[in-house]
Amino acid sequence: MSSEDLERYESEMELSLYREYRDVVEIFKYVVETDRRFYLCNAVDVKVRSETGDAYFEVSMTDAWVWDIYRPARFAKNVKVLTFKDVNVEELSKSDLKMPTT
């Protein structure tokens with residue numbers, strides 16, 4: 001496989017992922033961003049932990065969709081993320097859910 005074929009494949013996968021996102025975003029309440037992934041979910045709980053002296057975040061999500069081009073199944077019933085980096089949680093409003101028509 002040439003590098004051009006690989007680039008074309010990845011571009012097609014990214015477009016497919018965006019289309020899937022566009023189709024499912026309306027069924028979720030929250031957007032969660034971590035240092036490694038982007039999630040849509042219907043319930044989220046963020047706890048700050050510091051058992052060893054260093055603070056980290058424990059993020060639990062229910063009914064989640066994961067933005068990951070290489071993941072074959074993007075829907076997950078429960079997701080738990082542990083991270084030392086920032087976590088961004090936003091509640092989607094109905095106006096945020098309107099996708100541009102093409």
Side-chain angles (χ1 to χ4, degrees):
M1 178 180 270
S2 72
S3 62
E4 291 174 359
D5 291 338
L6 183 58
E7 283 183 34
R8 188 176 318 110
Y9 172 76
E10 287 182 344
S11 294
E12 289 171 6
M13 292 299 292
E14 287 176 12
L15 182 58
S16 175
L17 184 61
Y18 171 76
R19 287 178 177 149
E20 183 178 328
Y21 166 83
R22 183 186 62 200
D23 292 341
V24 302
V25 68
E26 293 182 8
I27 64 174
F28 294 100
K29 290 182 176 181
Y30 299 96
V31 172
V32 179
E33 292 178 88
T34 68
D35 60 314
R36 297 196 55 180
R37 298 271 190 286
F38 173 89
Y39 302 87
L40 298 171
C41 64
N42 284 319
V44 60
D45 182 42
V46 179
K47 292 184 175 137
V48 179
R49 304 284 192 200
S50 61
E51 293 142 12
T52 61
D54 292 326
Y56 65 94
F57 299 99
E58 179 180 319
V59 183
S60 300
M61 293 170 268
T62 305
D63 297 328
W65 181 87
V66 185
W67 182 286
D68 187 342
I69 194 170
Y70 298 106
R71 187 180 173 105
R74 286 184 270 282
F75 287 95
K77 183 69 180 160
N78 296 297
V79 175
K80 185 179 283 190
V81 176
L82 303 175
T83 182
F84 287 98
K85 302 207 177 180
D86 290 340
V87 175
N88 183 40
V89 177
E90 295 179 31
E91 185 172 3
L92 294 169
S93 68
K94 293 299 178 190
S95 64
D96 292 338
L97 301 177
K98 301 287 187 218
M99 298 300 295
T101 57
T102 53

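Note that these values count all heavy atoms, side chains included, but never hydrogens, waters or copies made by symmetry.
- Ser16 places no side-chain N or O within 3.5 Å of a backbone atom of Glu12 that could act as its donor or acceptor partner.
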*Please test Lys29 against Leu92 for side-chain contact (heavy atoms from CB on, under 4.5 Å), starting from the C-alpha separation and ending with a verdict.*
CA-CA 5 Å; Lys29 290 182 176 181; Leu92 294 169; over 6 Å; no
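- With rounding to the nearest 0.5 angstrom, the CG atom of Asp23 is 8.0 Å from the CD atom of Glu20.
- Checked for salt-bridge contact, Glu58 and Arg49 meet the test: a charged N lies under 4.0 Å from a carboxylate O.
- Two residues are said to be in side-chain contact when any heavy atoms from C-beta on lie closer than 4.5 Å; Phe84 and Asp54 meet this criterion.
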*Worked verdict on Glu14 versus Tyr9 for side chain to side chain donor-acceptor pair (under 3.5 Å)*: CA-CA 9 Å; Glu14 287 176 12; Tyr9 172 76; over 6 Å; no
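- No side-chain heavy atom of Val31 sits less than 4.5 Å from a side-chain heavy atom of Val89.
- The hydrophobic clustering, which links ILVMFWY residues whose side-chain heavy atoms are closer than 4.5 Å, places Leu40 and Val46 apart.
- When every heavy atom of Phe57 is checked against every heavy atom of Lys85, the shortest pair comes out as CD1-O, 3.2 Å.
- For the residue pair Ile27 and Asn42, the shortest heavy atom distance occurs at O-OD1, 3.1 Å.
- Summarising the geometry, atom CZ belonging to Arg8 is positioned 15.0 Å from atom CE belonging to Met13; distances are rounded to the nearest 0.5 Å.
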*Applying side-chain contact (heavy atoms from CB on, under 4.5 Å), run through Thr83 and Tyr56 and close with a yes or a no.*
CA-CA 6 Å; Thr83 182; Tyr56 65 94; over 6 Å; no
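- Atom CZ of residue Phe38 and atom CG of residue Asp68 lie 12.5 Å apart, to the nearest 0.5 angstrom.
- Side-chain contact between Val87 and Glu33 is absent, with no heavy atoms from C-beta onward closer than 4.5 Å.
- Residue Val25 is not grouped with residue Leu15 when hydrophobic side chains (ILVMFWY) are merged at heavy-atom distances under 4.5 angstrom, including chains of intermediate members.
- Residues Val59 and Asp45 form no side-chain contact, since every pair of their non-hydrogen atoms from C-beta on lies 4.5 Å or further apart.
- Across Ile69 and Arg74, no two heavy atoms sit closer than the pair O-NH1, 4.1 Å.
- Checked against the 6.0 Å centroid criterion, the rings of Trp65 and Phe28 do not qualify as a close aromatic pair.
- Around the CG atom of Asn88, the shell of radius 6.0 Å holds more than 12 heavy atoms that belong to other residues, nucleotides or ligands.
- The two residues Val79 and Tyr39 have their closest heavy-atom pair at CG1-CE2, 3.9 Å.
- Closest heavy-atom contact between Cys41 and Thr62: CB-O, 3.6 Å.
- Distance alone, capped at 3.5 Å, places no donor-acceptor pair between the Ser50 side chain and the Gly53 backbone.
- Residues Leu17 and Tyr70 share a hydrophobic cluster, clusters being chains of Ile/Leu/Val/Met/Phe/Trp/Tyr side chains in contact below 4.5 Å.
- Residues Met61 and Val81 are in side-chain contact: their nearest non-hydrogen atoms beyond the backbone lie under 4.5 Å apart.
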